[in-house]
Amino acid sequence: MPTENEVIVRVGGAAGEGGASTGESIAKLFSRHGLHTITYTSYQSAIRGGHNWIQIRGSPEKVYSQGDGLDLLLVLSSETADIHYSKISPGGVILYNNEKIKNGENLVRQDVKQLGIPATEMGRKYGNLPIQNTILVGALTHLLGMKLDTLVSVIETIFGKKKSDIFKFNVEAAQEGYNYSQQNFQPLGKRMNYTFTPKLLMTGNNALALGAVTAGCKFYSAYPMTPASTILHWMAAHSTKYSVLVKQGEDELAVVNMAIGAAHAGARAMCATSGGGFALMSEAIGQAGMTETPVVIVESQRSGPATGLPTKTEQGDLLQMLGAGQSDYPKIILAPRTVEECFYTANEAFNLADKYQCPVIIASDLYLSEHFETVDSLNLDSVPIDRGLLFDGNGDGRDYKRYQFTESGISPRAIPGQPDHMFVAPTDEHDENGVSISDVLCGIPKYVEIRARMMEKRMKKMEIAMQDMKAPSLEGAKDAELTLVGWGSTQGPIKDAVLALEQEGILVNSAQFKYLWPFPAEKCEQVLSQCKKLLLVEGNYSGQFGLLLAALTGIRIKEKLLKYDGEPIYPSEIVTKVKQVIGHI
Amino acid sequence: MPTENEVIVRVGGAAGEGGASTGESIAKLFSRHGLHTITYTSYQSAIRGGHNWIQIRGSPEKVYSQGDGLDLLLVLSSETADIHYSKISPGGVILYNNEKIKNGENLVRQDVKQLGIPATEMGRKYGNLPIQNTILVGALTHLLGMKLDTLVSVIETIFGKKKSDIFKFNVEAAQEGYNYSQQNFQPLGKRMNYTFTPKLLMTGNNALALGAVTAGCKFYSAYPMTPASTILHWMAAHSTKYSVLVKQGEDELAVVNMAIGAAHAGARAMCATSGGGFALMSEAIGQAGMTETPVVIVESQRSGPATGLPTKTEQGDLLQMLGAGQSDYPKIILAPRTVEECFYTANEAFNLADKYQCPVIIASDLYLSEHFETVDSLNLDSVPIDRGLLFDGNGDGRDYKRYQFTESGISPRAIPGQPDHMFVAPTDEHDENGVSISDVLCGIPKYVEIRARMMEKRMKKMEIAMQDMKAPSLEGAKDAELTLVGWGSTQGPIKDAVLALEQEGILVNSAQFKYLWPFPAEKCEQVLSQCKKLLLVEGNYSGQFGLLLAALTGIRIKEKLLKYDGEPIYPSEIVTKVKQVIGHI
Amino acid sequence: MATSEIATYESETKPDWCPGCGDFGVLAGLKRAAGILDIDPKDILVVSGIGCSSNLPGFFNSYGFHGLHGRAIPVASGAKLANSDLNVVVTGGDGDGYGIGLGHFIHVMRRNLDITYIVMDNGVYGLTTGQVAPTAEKGFKTKSSPEGVIEMPINPIALALVSGATFVSRAFSGDPIHMADVIASAIKHPGFSLVDVFSPCVTYNKINTYEFYRPRISKLDQTGHDTHSMEAAIKRSYEWGQKIPIGIFYQTERPTYEAEDAVLKNGPLIKQKPVARDPEILLREFM
Amino acid sequence: MATSEIATYESETKPDWCPGCGDFGVLAGLKRAAGILDIDPKDILVVSGIGCSSNLPGFFNSYGFHGLHGRAIPVASGAKLANSDLNVVVTGGDGDGYGIGLGHFIHVMRRNLDITYIVMDNGVYGLTTGQVAPTAEKGFKTKSSPEGVIEMPINPIALALVSGATFVSRAFSGDPIHMADVIASAIKHPGFSLVDVFSPCVTYNKINTYEFYRPRISKLDQTGHDTHSMEAAIKRSYEWGQKIPIGIFYQTERPTYEAEDAVLKNGPLIKQKPVARDPEILLREFM
Ligand SMILES: Cc1ncc(C[n+]2csc(CCOP(=O)(O)OP(=O)(O)O)c2C)c(N)n1
Ligand SMILES: Cc1ncc(C[n+]2csc(CCOP(=O)(O)OP(=O)(O)O)c2C)c(N)n1
Ligand code: SF4
Ligand code: SF4
Ligand SMILES: [Mg+2]
Ligand SMILES: [Mg+2]
């Protein structure tokens with residue numbers, strides 16, 4: 001149930017009725033009132049025909065997930081009530097168009113206020129304009145004690161040009177909805193302080209894309225795939241503004257190989273996909289490892305296996321990322337935990353890729369990629385660009401060895417076009433000069449040794465990279481009864497659960513992993529060895545991170561909350577599970 | 001060093017000089033003398049220009065690997081001596097063409113007999129025929145006290161038609177080499193009993209292909225890739241004889257999807273590839289898991305990463321197989337340990353695929369795929385064909401649910417063409433009828449539940465399959481100081497090492513894993529918990545099986561022998577490592 | 001044809017396409033074609049990839065396989081080779097078939113497997129909410145090409161012609177009756193048949209609409225086109241602008257892959273017995 | 001051209017092809033072509049996949065990328081887009097380019113990136129010891145097709161023509177001087193250029209040998225061929241048998257992808273600065 005200090009709204013409608021964008025304007029309304037805001041959108045693959053809904057949570061305090069419970073259900077289509085009515089918290093409100101739910105039919109709960117508005121009728125004068133949503137949002141603005149002016153500013157952002165009819169009509173409709181609400185309904189009576197200092201509101205994919213361009217990404221290739229597609233859309237829309245060449249390839253094989261080609265030629269290059277596309281990319285990721293080409297690959301996971309549920313979330317591709325491509329080669333896997341961290345992780349990923357001359361995978365998921373979250377003002381300068389060890393181009397090129405054996409395993413990189421330092425980057429095993437040894441040399445004792453050393457050289461980089469891989473610190477009470485262990489996007493619900501449990505006097509803390517490969521086993525063991533009891537929280541069936549943890553540290557977590565129904569984890573689910581595990585139920 | 005009771009021969013020559021086929025005829029010579037025989041061939045990617053060699057080991061007792069040491073080096077080209085001369089065991093022999101090593105130049109070892117033959121001159125009368133190899137093998141036949149008649153039978157097998165000139169000339173040349181040897185050289189003086197009961201001699205790929213056709217495989221698709229290609233060649237050559245449709249596809253994506261299509265239509269279908277091709281197949285393997293289609297995929301591993309060393313061995317793709325495709329889905333991974341077991345594993349794989357309606361991966365490697373080994377007469381009938389739960393086709397088709405929820409998770413399968421049981425096999429998540437729920441249904445409470453149950457149904461099959469997954473028994477002394485832990489093809493060298501150590505009074509035993517996924521953790525824990533100390537032996541850099549074992553059982557093996565230089569593991573390397581670990585050195 | 005015949009192919013699942021989507025016309029056309037040929041649903045296997053269009057098998061009463069994006073053709077090929085008695089029809093989108101699946105598309109044509117391939121060509125990636133597809137015309141603006149496409153579109157008809165397809169045709173969702181005839185001819189044709197269908201995406205393609213096509217469509221069989229002339233077919237495949245031809249561009253006879261494969265001479269694969277487990281036969285070569 | 005100029009492109013690594021392999025001729029042709037155009041080795045990037053032919057970059061003195069089987073074209077595309085000042089040449093085999101890589105091949109042509117693609121066409125998979133390749137003629141017997149191929153071969157020239165390549169040509173390893181001229185024209189051509197080369201595999205293809213080609217080869221420029229006529233080019237691409245044409249089939253001008261891309265208007269990508277880290281610019285839209 002929402003606390004006094006927060007508000008949770010859900011908007012539901014048939015696919016195509018604009019539920020999501022209505023939800024987004026409510027989110028913007030919140031963030032411009034200075035609220036910390038988080039959303040979650042549920043939708044389906046079909047363009048039309050399904051039921052979509054979006055949940056928006058706002059609070060003057062920092063919130064970490066979409067939250068539990070519902071203060072207000074905003075109904076855009078009749079089935080919305082059927083599906084969500086029971087979810088409204090006692091004392092909550094259902095706000096609907098009178099024509100969609102005739103006379104409040106079937107709205108029988110005594111503990112819920114039924115607020116109907118003749119929105120269709122009110123909207124009629126605007127002709128065919130789908131304006132009922134705006135009327136309802138106007139009404140909601142009053143119910144939450146929010147400012148109509150701010151809503152007008154949101155409408156302006158959405159509909160652009162101040163003097164267009166569509167802008168004018170929407171403002172009028174919002175005003176009417178607000179007035180109707182004021183005349184007929186009592187505000188919800190939540191006691192929230194609005195600061196009106198607008199916060200940045202963005203999705204994980206926004207933050208990632210913004211991070212990438214800030215890091216100097218110049219080449220972005222992609223093949224559309226939910227939930228990675230919105231990176232493509234954002235990049236394409238900002239391509240000329242930020243001078244990033246955006247290339248939609250014919251498939252993911254092309255996409256990743258294009259990015260590798262661009263990286264080889266010296267540009268910072270990134271591509272993104274989801275699980276199925278990542279499977280197709282996996283051979284080429286090994287190629288980047290072998291040729292020591294720095295490239296960033298985003299995998300935004302969705303519900304699998306196979307096509308699965310393209311619009312639902314899961315953290316099911318960790319094993320795939322760990323096992324991508326044959327044999328052992330250097331690669332780094334980072335799982336940002338919040339929208340804000342998506343920004344910084346993109347910057348970090350490019351630096352790590354250049355530093356270790358290897359592929360870096362950013363493991364996101366639908367939940368993280370697509371939900372909106374307010375972030376504190378981003379520090380754009382916090383991660384300076386570091387291109388790693390580039391060959392200075394001085395000296396006689398004849399001595400240049402692209403794959404020189406060095407202490408760190410990192411060899412100075414020359415860029416095509418640079419005079420005198422020609423080399424071939426081969427996917428075959430090779431010597432220090434990059435000369436392939438598979439054709440006529442392998443198997444001969446000297447080259448058997450070179451092969452082994454070249455393998456060690458490459459993997460050595462990962463030993464060094466271990467220094468950059470951080471273990472999570474324990475967040476929350478030091479002497480907690482139990483530690484929640486998660487990775488990536490589950491941080492939000494876990495944090496909220498910890499807070500909720502604290503309210504009930506139950507002290508738990510959490511360790512949320514971001515650096516997954518090379519896995520900083522020793523540091524992680526140190527952190528987890530301080531814990532009394534562990535509870536693994538993952539959005540997949542088999543507890544894939546649990547397997548990784550056990551493989552590298554021997555720590556096997558017995559208690560698990562594994563979710564694989566496509567929905568994100570809610571704090572309340574964690575709360576229940578924790579109580580069960582520590583015997584409070 | 002070879003024992004008295006065995007002989008180890010190595011043949012070396014420039015690529016294109018027929019070293020491999022000369023070696024193969026020596027292997028056949030051995031097996032027809034009734035010797036247990038094992039070979040190992042070292043070659044490179046280029047068709048010409050490199051140096052190739054093959055080692056052949058024979059013994060009246062069972063042998064398990066290519067062995068250590070060298071009784072006889074057969075030199076086909078001058079660089080052969082440079083590369084292998086030092087490897088000859090004291091008391092051994094170097095046999096060469098006088099013209100390739102002029103006057104035994106640089107053959108300075110006192111503990112090695114230098115036997116030169118004027119083979120080029122002797123061969124001159126046969127014109128351009130490359131006959132020196134046969135002359136040398138004739139000489140070798142005498143040196144090993146073997147029968148010329150048997151060599152003639154081998155020549156007949158190789159050159160076919162009894163009356164052809166090429167057959168006749170080769171027989172003559174063999175005879176001449178034999179005579180020359182008899183007149184000039186002393187036999188090696190190994191005391192071996194030849195039974196002359198021919199043994200079956202085949203490679204792992206031969207055995208696998210034979211196993212597949214025996215299992216009723218009717219569809220085989222492949223894209224050439226070393227070391228899987230010889231399955232394709234054998235299958236193509238036997239296609240009409242055994243009525244197996246063989247299709248070379250345009251790439252591995254096509255190959256695996258064709259096999260899945262054929263399997264969906266009711267044929268037993270298999271495809272094979274190596275690491276890079278497997279990476280490309282991985283998305284579709286998930287498809288087979290999701291659509292519950294039985295299909296067998298062979299992954300014969302080679303040295304990676306990327307193109308790597310295409311003609312060298314490695315066990316580096318285990319993580320790739322475990323992580324193949326996004327999310328969690330049912331799949332089975334089997335790693336045959338000997339050539340003989342390749343045969344039975346193919347049979348088993350088809351039955352498991354049909355029983356659990358899922359993809360089965362056979363994990364082989366270059367070493368296992370390509371080396372020749374004598375096998376005891378195969379019991380062709382030991383694994384009857386079991387097509388699993390097929391829908392009987394009785395009853396009213398309207399009740400038919402392809403993905404029915406059942407106790408075991410296994411649902412009766414109908415085959416296209418069967419009246420009244422039409423269904424769609426979808427890669428999207430679906431309900432019991434196979435109706436996709438991703439388009440308009442997912443996210444709605446009822447379907448959130450169906451999604452979760454469908455996931456559980458599929459994974460349930462793997463719980464049941466666990467019964468078929470066996471833990472290895474401990475081979476060797478019960479009270480061993482140390483247990484060698486390996487998987488798949490390293491069984492041979494490990495067994496030989498155990499025997500060699502026994503000779504020295506050091507008791508070790510071994511646990512060799514074949515059933516890798518679903519990993520029978522409990523049974524394995526039971527087996528390994530009896531052991532005093534563990535030593536992991538793997539042909540890869542990171543100890544991938546060790547990671548799997550730790551992930552599922554928490555057993556972390558500290559001591560490791562990891563080899564990643566492309567060469568197979570030799571028993572002597574294990575012996576040395578064992579002594580080091582148990583402090584005998 | 002009686003409606004009852006078409007009803008045979010009616011699935012219990014209702015299509016979820018946007019109202020007005022061209023794919024409705026294709027579904028209707030396919031049902032009608034199956035009705036014309038009077039094929040028992042159990043003998044049809046409809047294979048698809050992923051896309052709005054690829055959802056079609058779910059809405060058609062027959063056996064089906066709704067596979068991965070871009071891989072419908074190889075799945076269908078495997079199924080056809082395993083059971084050559086099946087009528088195998090592949091349905092999908094332009095992204096699925098001419099984008100990610102292009103390699104398979106070309107290779108299957110040189111094989112001349114007896115498969116019918118119906119491509120719902122709408123110039124966009126519908127299911128992923130409207131990015132550019134390989135048949136989109138130059139200048140077309142989408143979410144992923146906001147400055148307008150700068151690549152030349154694929155010409156699927158010409159590609160099919162030079163790749164060895166033995167039946168190459170085009171239809172229009174706005175004319176499902178004509179389409180049904182074309183599809184029926186395609187299914188009846190022994191060998192690989194392509195039916196490229198202009199199937200408007202009413203949501204994401206505001207250029208290639210019904211209104212765009214309707215006045216331009218011209219039927220090949222009404223313009224004295226010789227369907228046996230490769231040259232004429234290639235020439236007409238380039239017609240675009242005021243007149244855009246639909247109908248059969250080209251048809252020829254060449255033995256199918258199934259007819260030429262030595263193993264299939266003994267009948268469909270799934271009807272053939274496993275090899276006898278006779279050591280004399282199986283093991284001799286290894287002695 | 002002086003030998004010293006060709007020596008510029010001599011690598012320290014000697015080719016490991018079988019003696020007589022056609023690929024020697026291609027290497028020689030490429031060196032000569034580079035010499036004719038007098039390109040600094042540092043400004044050349046040779047990209048390849050996997051195959052005997054794909055080993056070529058290792059034997060040529062310039063920057064190189066020896067990538068994965070079938071993926072040379074996208075790697076080259078990425079590199080060219082990142083640094084449009086580079087002369088990007090792709091070298092590979094028929095299996096690599098027309099088999100596994102076929103989809104990329106067609107798509108790159110509609111893009112008209114300024115890349116030169118040299119395919120060593122030998123009808124087999126050489127490196128994997130002689131299986132059938134997509135250009136093998138019907139009936140060709142290999143390890144993987146012991147009964148003879150039953151598929152129609154790919155016609156790469158025709159495919160290139162209908163896919164939008166702006167320069168389509170063919171050469172023969174037996175005539176490296178002619179080849180060098182063709183390659184030089186291809187590299188000079190602004191836009192995508194294909195050079196399909198008959199490059200005999202002396203080890204695994206006993207049909208398409210030097211002896212097979214030599215008497216059949218006829219040079220297009222000696223037979224009054226109009227390189228600006230698509231129709232003529234298509235027609236001639238089908239010539240096979242007694243006369244097999246080599247030379248330039250078709251050449252036309254169309255703006256390159258690089259010229260049309262809005263971002264590249266500001267020069268090669270790698271010379272462009274990272275965006276200024278100004279919150280006013282970067283963050284405003286999220287307010
Ligand atoms: C490997 C992979 N990449 C990307 C996707 C995402 N995806 C689903 S449908 C589709 C495009 C569909 O376009 P088209 O085939 O033209 O069908 P339409 O929706 O237009 O009918 C894409 C890219 C996927 N499912 N799998
Ligand atoms: C994904 C993948 N599949 C298969 C292979 C094996 N392979 C290496 S080269 C080759 C074919 C080479 O043929 P082609 O491109 O014609 O070159 P050629 O050797 O004839 O010059 C194949 C199949 C591979 N390296 N990677
Ligand atoms: S998005 Fe386009 S293609 Fe997809 S169902 Fe709607 S109209 Fe049809
Ligand atoms: S096998 Fe053929 S293609 Fe390869 S190097 Fe030898 S001749 Fe050339
Ligand atoms: Mg489309
Ligand atoms: Mg070739």
Side-chain angles (χ1 to χ4, degrees), chain A residues 32 198 200-202 206 210 213-216 218-219 221 239-247 249-251 253-269 283-284 287 291 377-378 380-381 385 415-428 435-436 439-440, chain D residues 11-13 16 40-48 50 55 57-58 60-83 85-86 88 103-104 106-108 261-266 269-270 272-275 277-279 281-283 285-287:
Chain A
R32 291 193 185 173
L200 298 172
L201 182 73
M202 57 178 77
N206 287 155
L210 186 70
V213 302
T214 309
K218 284 285 152 203
F219 185 89
S221 50
S239 163
T240 49
K241 184 170 175 198
Y242 297 144
S243 260
V244 183
L245 196 149
V246 176
K247 184 79 211 81
E250 58 270 28
D251 59 21
L253 301 163
V255 159
V256 67
N257 280 287
M258 281 176 179
I260 290 169
H264 177 73
R268 279 199 153 175
E283 189 196 13
Q287 164 180 255
T291 56
S377 186
L378 293 171
L380 297 180
D381 290 319
I385 292 176
I415 300 293
Q418 206 164 317
D420 292 333
H421 295 81
M422 276 84 76
F423 70 96
V424 178
T427 57
D428 283 85
V435 173
S436 168
D439 286 334
V440 294
Chain D
S11 153
E12 280 165 35
T13 311
D16 51 26
D40 190 330
K42 81 168 174 53
D43 295 324
I44 307 179
L45 177 68
V46 186
V47 180
S48 71
I50 297 294
N55 287 347
F60 185 85
N61 181 42
S62 75
Y63 282 96
F65 193 96
H66 185 188
L68 295 173
H69 186 48
R71 311 298 164 212
I73 291 283
V75 168
S77 302
K80 182 72 188 179
L81 290 171
N83 184 358
D85 283 349
L86 288 175
V88 178
H104 306 310
I106 310 274
H107 282 290
V108 76
D261 186 277
V263 174
L264 294 185
K265 299 248 183 321
N266 309 321
L269 219 47
I270 63 159
Q272 294 189 33
K273 291 241 162 55
V275 70
R277 294 184 167 191
D278 180 349
I281 297 168
L282 290 165
L283 301 181
E285 67 181 289
F286 301 107
M287 292 285 186

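This one's a predicted model, so the numbers in the text were calculated from it and none came from an experiment.
For I260(A), the part lying under 4.5 angstrom from a heavy atom of chain D is the side chain only. Interface remark: I50(D) contributes side-chain atoms only to the contact with chain A (heavy atom separation under 4.5 Å). Proximity to chain D is limited to the side chain of L210(A), based on heavy atoms less than 4.5 angstrom apart. In this structure, the portion of V244(A) lying under 4.5 Å from any heavy atom of chain D is its backbone and not its side chain. For T291(A), the part lying under 4.5 angstrom from a heavy atom of chain D is the side chain only. Heavy atoms of A284(A) lying under 4.5 Å from chain D belong to its backbone as well as its side chain. Neither the backbone nor the side chain of K265(D) comes within contact range of chain A, judged by heavy atoms closer than 4.5 Å. Heavy atoms closer than 4.5 Å to chain D are found nowhere in A259(A), neither backbone nor side chain. Contacts of D40(D) with chain A are absent, with no heavy-atom separation under 4.5 Å from either backbone or side chain. Residue L68(D) touches chain A through both its backbone and its side chain, counting heavy-atom pairs closer than 4.5 Å. Contacts of L282(D) with chain A are made by both backbone and side-chain atoms, with heavy-atom separations under 4.5 Å.
Scanning all heavy atoms of the two residues, the minimum distance from P416(A) to H264(A) falls at CD-O, 3.2 Å. Closest approach of A262(D) and T240(A) over heavy atoms only: CB-CG2, 3.5 Å. Residues D251(A) and H104(D) come closest through the heavy atom pair OD1-CE1, 3.5 Å. Of all heavy-atom pairs between V47(D) and P57(D), the closest is C-CG, 4.5 Å.
Note on S11(D), A76(D), G70(D), G67(D): by heavy-atom pairs under 4.5 Å with chain A, the leading option is G67(D). The greatest number of non-hydrogen atom pairs below 4.5 Å with chain A, out of L81(D), L45(D), D43(D), is found for L81(D). Here L245(A) is the residue among V435(A), L245(A), L201(A) with the most heavy-atom pairs under 4.5 Å with chain D. Of the residues considered (I415(A), T427(A), V440(A)), T427(A) shows the highest number of contacts with chain D, using heavy-atom pairs under 4.5 Å. Taking E250(A), K247(A), K218(A), R268(A) one by one and counting their heavy-atom pairs under 4.5 Å with chain D, the maximum is reached by E250(A). For the set P274(D), A82(D), A79(D), G103(D), the entry with the most heavy-atom pairs within less than 4.5 Å of chain A is A79(D). With respect to chain D, the highest number of heavy-atom pairs below 4.5 Å among G216(A), A254(A), S436(A) belongs to A254(A). By number of non-hydrogen pairs under 4.5 angstrom with chain A, the leading residue of I73(D), L264(D), D16(D), T13(D) is D16(D). The greatest number of non-hydrogen atom pairs below 4.5 Å with chain D, out of S239(A), P198(A), A265(A), A267(A), is found for A265(A). Counting heavy-atom pairs closer than 4.5 Å to chain D, the top-ranked of the candidates D439(A), N257(A), D381(A) is N257(A).
Between V108(D) and S77(D), the closest side-chain pair of non-hydrogen atoms falls below 4.5 Å. Looking only at side-chain heavy atoms (C-beta outward), M287(D) and L200(A) come within less than 4.5 Å of each other. Taking the side chain as every heavy atom from C-beta outward, E283(A) and L253(A) never approach each other to under 4.5 Å. You'll find the side chain of M422(A) reaches within 4.5 Å of the side chain of K42(D), heavy atoms only. Looking at N206(A) and E285(D), their side chains never come closer than 4.5 Å, going by heavy atoms from C-beta outward. For the pair L283(D)/L380(A), a side-chain contact is recorded, criterion being any heavy-atom separation below 4.5 Å from C-beta on. Side-chain contact between V75(D) and Q287(A): present, with at least one pair of heavy atoms (C-beta onward) separated by less than 4.5 Å. Side-chain contact between R277(D) and T214(A): present, with at least one pair of heavy atoms (C-beta onward) separated by less than 4.5 Å.
Checked against the 6.0 Å centroid threshold, H66(D) and F60(D) do not count as a close aromatic pair.
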